[in-house]
Amino acid sequence: MEKSGGFDMSKLSLASKILLGAGILLLIDSFLSWQKVCVSDVLGDLADVGDFCVKANAWSGSGGWAGLIMGLFLIALLIWEAMQIADMQEKFSIGVTPSKLAAYLGFGVVAFGLIKFLFAVTNEPALFAFVGLILILAIGYGAWMKFQEPETVAAPPMAPGGTDGGFTA
């Protein structure tokens, strides 16, 4: 008897793979420099202070509130997808299907991520803001795919005694 050594990636839908992959990369990218301003860029040759730069990531800087909300949606999305991998989502009755909840969380990441990107790109953008934009768009595509997944329909309850109530086709 062979024992499984972990979860099987082939059991995940393409949408879940996109959400997890892009989500983990966006979480890492959110701690990198989304904005950068240097004293030499601002003052030019007037100040001889060297190359002193200040950087801000997605959680801070211009529009930091949007980056914070994006990050919270992103963490919730990653936790929810991990719960689906671990088959734990049945323990929570939330009133929507698991794929719809993942889609809504993904749409939240996209909405606030785009707001944060607009703040960053209009005020001293850095390279990782553009990397973040690509990852945000990937999450948007994965969320749209999750939204399009068919809802699982539960079978109607059987009458007591295991019959269909006496009706015949």
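Note that the structure is predicted; figures quoted are calculated from it, not measured.
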Among residues two or more places apart or on two chains, list those pairs meeting salt bridge (charged side-chain N to carboxylate O under 4.0 Å, His left out) that have a residue in residues 62-74. none
When clusters are formed by joining ILVMFWY residues with side-chain heavy atoms under 4.5 Å apart, either directly or through shared neighbours, do Met145 and Val96 land in the same one? no
Tabulate below the donor-acceptor pairs under 3.5 Å that side-chain atoms of residues 67-78 make, not counting sequence neighbours, or state none.
none

Do Phe147 and Ser99 have side chains that approach each other closer than 4.5 Å (heavy atoms only, starting at C-beta)? no
Pair Leu26, Val131 - check side chain to side chain contact (heavy atoms under 4.5 Å, CB included), show working. CA-CA 8 Å; Leu26 182 60; Val131 173; over 6 Å; no
Does OH in Tyr141 sit with more than 12 non-hydrogen atoms of other residues, nucleotides or ligands closer than 6.0 Å? no
Would you indicate whether the side-chain heavy atoms of Thr97 and Leu101 approach each other to under 4.5 Å? no
Not counting sequence neighbours, list each pair that qualifies as a salt bridge (charged side-chain N to carboxylate O under 4.0 Å, His left out) and has a residue in residues 18-28. none
At what distance, to the nearest 0.5 angstrom, does CD1 of Ile85 lie from OG of Ser16? 7.0 Å
Identify the heavy atoms of Phe130 and Val121 that sit nearest to each other, and give their distance. CZ-CG2, 3.7 Å
Inter- and intrachain pairs under salt bridge (charged side-chain N to carboxylate O under 4.0 Å, His left out), touching residues 55-68, at least two apart: none
Lys/Arg N to Asp/Glu carboxylate O, Glu81 vs Lys146, below 4.0 Å: yes
Which atom names give the shortest non-hydrogen contact between Ala126 and Ser33, and what distance separates them? CB-O, 3.4 Å
What is the distance from atom CG of Leu12 to atom CG of Leu19, rounded to the nearest 0.5 Å? 10.5 Å
Gap separating the CD1 atom of Ile24 from the CG atom of Leu135, nearest 0.5 angstrom: 11.5 Å
CD1-CG distance between Ile28 and Leu32, expressed to the nearest 0.5 angstrom: 8.5 Å
Ala22 and Ala138: which non-hydrogen atoms are nearest, and at how many Å? CB-CB, 3.9 Å
Heavy-atom pair of closest approach, residues Ala103 and Ala143: CB-O, 3.4 Å
Expected output: side-chain Trp34 to main-chain Leu127 donor-acceptor under 3.5 Å: no
Any residue meeting side chain to side chain donor-acceptor pair (under 3.5 Å) with Trp59, in chain and number order, not counting sequence neighbours: Ser30
For residues 105-119, run the donor-acceptor check on the side chains, cut-off 3.5 Å, and write out each pair with its distance to 0.1 Å, sequence neighbours left out.
from	atom 1	to	atom 2	distance (Å)
Lys116	NZ	Ser60	O	2.8
Lys116	NZ	Ser62	O	2.6

Enter the distance from Ile139:CD1 to Ile134:CD1 here, rounded to the nearest 0.5 Å. 12.5 Å
Can a donor-acceptor pair be found, under 3.5 Å and without considering hydrogens, that links the side chain of Gln35 to the backbone of Asn123? yes
Would you confirm whether Lys36, through its side chain, and Glu124, through its main-chain N or O, come within 3.5 Å as a donor-acceptor pair? no
